Every structure is written in C-alpha cells, then in structure tokens.
Protein chains: 2
Amino acid sequence: MSNILIVDDDIELCEMLDEYLRLEGFSVSAVHDGKSGAEQAVNGNYQAIVLDVMLPGQNGFDALKQIRGSSLIPIIMLTAKGDDIDRILGLEMGADDYLPKPFNPRELAARLKAIMRRSEQNSGNASSVLEVGKLVMKPSSRKVSWDGQDMSLTSTEFAILELLMRNAGAAVSKESLYEKALGRPLEQYDRSIDMHISHLRRKIPGGEHLIQTIRGTGYQLTLEQ
Amino acid sequence: MSNILIVDDDIELCEMLDEYLRLEGFSVSAVHDGKSGAEQAVNGNYQAIVLDVMLPGQNGFDALKQIRGSSLIPIIMLTAKGDDIDRILGLEMGADDYLPKPFNPRELAARLKAIMRRSEQNSGNASSVLEVGKLVMKPSSRKVSWDGQDMSLTSTEFAILELLMRNAGAAVSKESLYEKALGRPLEQYDRSIDMHISHLRRKIPGGEHLIQTIRGTGYQLTLEQ
DNA sequence: AGAGGTTTGTAACACTTTGTAAAATACCGT
DNA sequence: ACGGTATTTTACAAAGTGTTACAAACCTCT
C-alpha cells in the first residue's frame, strides 16, 4: 500500500484529493502547515509527499529543504503559476516533480505513480542504504561504517562520499563535486575538494585504493575490492 | 555535452526547440517520423529523447515501445491537449515524463534536466570486465592486470588502453584516441598519444607485440598473443 | 637500391595537476 | 566572547602529461 502525505492548507482540496487518490489505490494523510509537514514527511511512514508551495508559517520551499536535509523521499510540489521551475526541480531544492495549480487529480495520480516507480527503480535496496564493498552508508541517519565499524565524518566529507557512492564505479567530476557537495561552482585554484578527499582517504581503511584519482576529471570510488 | 533527440513532425516546433535548448546548453538533433526516431534513439549518441505522441506512420507509443525494448534512455512524451489517458498510458509504458502541448520551452528544459539528473544517478550500471588475452580490465574498479598480476597505469594510459581493448583486433584512429581518451581534437605536431603508447608498451609485458602501430591510421590491440 | 619526404619511437625537459601539511579563516554551541 | 571543530587557503613536493628534438622506420618515386 502506498501512503501519501499531502501538505496543503486548503482543507477542501485535501479532502477532494483524499477521496480521489483512495480510488486510485493510495492511502492518504494530510497536514495543513509546513512545519508538521516536514516532521511527518521524514518519519518513514510515507512513500511520497505532495507539498504545496504556499503554506502558512513555514513555506513550502523551507519545508522541502528541511525534508531533503534528511530524506530522498519522492516529493511533488504544487506550484502557483510563474514559480521558478528550474529552482524547484533543481538540485538546490530537489523536488522530483511539480504540478501547477489548478490541476486535474488524475494527473496528480499519474505523476505520483511515475515518481514512485522511478524511486523504486533507483533504490534497488528499498531502505535507501548505500553499499559499496565494506562501506555502508545510511544517508537518512547520516551514518557510515566500514566493515561494520562506525566511522565519524564531517558533513562535507559525508556529502562527498555520498556522491561518490551513488556513482560508485564511475568517475565524478570535480565540477559536480563542487556543485553538488559544496553547493558552489569550482573556481580556479580552489583545492578544498582535494583536501576533503585527502581526509577521506585517511579516514577510510584502504582509502587510497578505494578512492581513485582520475586526473583532469575528478575522483571515482572503485566497485570491486 | 547533453545530446537531445527530438522526434516531432512539426518542423517549426523542432526549430524553435533547437534554438531554445541550445541556449540552455543542450545539443539538439531532430527527426520527423517515429521510425527514424526509434532507430536514432538507441544508437547511443543521445542522453535523452523528446517524443511526440502524434507522428506520421508509426505513432509515438509504438516508437516508445520499440525504444524501451532495447534502451532505458530518458524519454519525455509530448502529448496532445486533453488526453489524460494518453498521458497516463505514456507514463505506464515507460516514458520518464510527459508534457502536454502547447508547452513552455523553459518547462521542457527544466524537465529534461530533471530526468537526466535522475538517470545519471541511477546508472550504477553493472561492472563489465574487458578481457583480451592475458589482459584483464575492470573499468569500474579501475584495475588492469596482465596474467593475474596488477599493473599500475595513469589515468590517461588507462583511458587509452580501455579504448584499445574495447576495439581489440581493430585499428583505433589517432583522431578518436585524442577525442575519446584525451577529450580534445588532434592537432598538428601533437605527439602525446604516441608518448602514452610508448609508456604502455613498456609497462605491459610483451607490449611491443600487443599494441601494433597502424601507420597513418592509429594503433590496434592484437587479439592473439 | 637510393634519395627525399613523412610518420613513428622515445629521451629529455617543461608544464600542469594533485597530495598533503600547516596556517588562516569560518562556523557553532555555550 | 571563547574554545573547539570544520573548512578553506597557502605552499611546496610529487606525480602525470605535453612538447621538443632527433633518430629510426617506412613509403614513394626514380
């Protein structure tokens, strides 16, 4: 059964969606402000979130950021006309899809199914645990272990390692490491990523083999040991 | 660079999209019927497909099915106004997204970026192993061994050897070695590939026999030992 | 076979990128 | 504001890559 959380202050809309989505085989809950939305969203009971941009108190963007801080749960944003689509879908915010109001509930159902299908495909291992050899990472609880032993990483090291693990076996460019892990573009003579890589290599046993340098390109996590 | 294939019989629309998507940093090609669309889509040169539902000859759904038969390339369907059912069908048939006509090109660009970002994340693809005689290469773990013994190659040497191994038994032109391994065009008096080949020959036991010079063309890995 | 031109092999050097220690700065909870 | 941690900058060493130069191999034409 797919549990959907709707976060919208329009109570009538929530009831209507509840009714329609139940017919489509979803199970629906609703809350009406961003703060409770963000709290509920990450409690692990839902498979997808429908999140309105305009909310009383904390707005939808803040809620989105807060949720993305600890979860990759599929999120559809309900936007007002004219909102900046690029930002909503972009890495900055990280929504999976959006739907401009007013919308047809059938379309919401279709998009919900689509993003849930995608996220199902993505997480071969349902519980969103990343595993590469003896390295195990749980992004939701921000824990990493090597061969069962917990290791302590700083948040930047964590972000970099997460990116590398999500692309294990393939090179990740420095550009995208800066962009996605540090949230800023790579500038000339900027060496921070190199420094963090250096630290990671030292912290992870066998790190110098695990994290390979692809000169002129970036870094890569090796798949086989 | 991201190559996009547009499959739509509306030539004006194609030109407009071409223009707009180029501004957004995509590289665009267009074909105008489903049959060529399906053929082009799977040739490996594109990172995403924009596919109209209404096409002369083979319609968009057939093309979609055909493409999905052999590729998981990201596909956005362009649907006619009003046909929710078609849209839903499209998503259930394995399109990654859809956009009802008429649409804002910005929205297409945003959705393209979104699905490409997703598919980039997904491709933790199975690690293939390349074998040519006693040479074994695992690109995902960046390891090469000769007769079971690991050898250490630099990134460029690795890239060149990978290309040669993927085309073992056939000549690989210097042009494509420069283009694909060094990521730049071959310029006059540029000898770097020759240097790297020289190093490779020295590092690989029996390298002078293994890597053959095809004068005036390029280099080739011999199949027999 | 030999002359003359072109392409390739490789050593030596020049330049670029990366590794990492250490210092400087930013950040955060108290 | 203070102390501790995290991150970025700086500086220099080490490794990798590109350029130059010349010798060797090859091709073409006579």
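Letters go in sequence order (proteins before strands), and every chain restarts at 1. Quantities reported herein were computed from a predicted structural model and do not represent experimental measurements.
- Considering only residues two or more places apart in sequence or on other chains, R191(A) meets the side chain to side chain donor-acceptor pair (under 3.5 Å) condition with none of them.
- Under the side chain to side chain donor-acceptor pair (under 3.5 Å) criterion, T217(A) pairs with no residue, sequence neighbours left out.
- Taking 4.0 Å as the cutoff to heavy atoms of chain A, we find the contact window on DNA chain D bounded by dA6(D) to dT17(D).
- Scanning DNA chain C 5' to 3' for nucleotides with an atom closer than 4.0 angstrom to a non-hydrogen atom of chain B gives a first and last hit of dT6(C) to dA11(C).
- If you check residues 170-179 of chain B against DNA chain D, you find no residue with a heavy atom closer than 4.0 Å.
- Considering only residues two or more places apart in sequence or on other chains, E157(A) meets the side-chain contact (heavy atoms from CB on, under 4.5 Å) condition with L153(A), T154(A), H196(A), H199(A), L200(A), K203(A).
- Legend: residues meeting side-chain contact (heavy atoms from CB on, under 4.5 Å) with P185(B), ordered by chain and number and at least two apart, are E179(B), E187(B).
- With sequence neighbours left out, the side chain to side chain donor-acceptor pair (under 3.5 Å) criterion links R215(A) to no other residue.
- Of the residues in residues 191-200 of chain B, R191(B), D194(B), M195(B), S198(B) come within less than 4.0 Å of DNA chain C through at least one heavy atom, sorted by number.
- Within the 4.5 Å cutoff, side-chain heavy atoms of R111(B) are placed close to those of L99(B).
- Contact of the V144(A) side chain with the V136(A) side chain is not registered, since no non-hydrogen atoms from C-beta on lie closer than 4.5 Å.
- Within the 3.5 Å criterion, the main-chain N or O of L55(A) finds no donor-acceptor partner in the side chain of D52(A).
- Between K101(A) and D8(A), at least one side-chain nitrogen of the basic residue sits less than 4.0 Å from a carboxylate oxygen of the acidic one, meeting the salt-bridge criterion.
- Heavy atoms of other residues, nucleotides or ligands lying less than 6.0 angstrom from CE of M54(A) number 12 at most.
- Axis angle across the helix from dA1(C)-dT30(D) to dT30(C)-dA1(D), with five pairs used at each end and values rounded to 10°: 40°.
- Within residues 151-160 of chain A, the residues having any heavy atom closer than 4.0 Å to DNA chain D are, in order of number, T154(A), S155(A), T156(A).
- Residues Q47(A) and I4(A) fail the side-chain proximity criterion, which asks for heavy atoms closer than 4.5 Å.
- Under the side chain to side chain donor-acceptor pair (under 3.5 Å) criterion, S192(B) pairs with R184(B), D190(B), not counting sequence neighbours.
- Two residues are said to be in side-chain contact when any heavy atoms from C-beta on lie closer than 4.5 Å; Y219(B) and Q212(B) fail this criterion.
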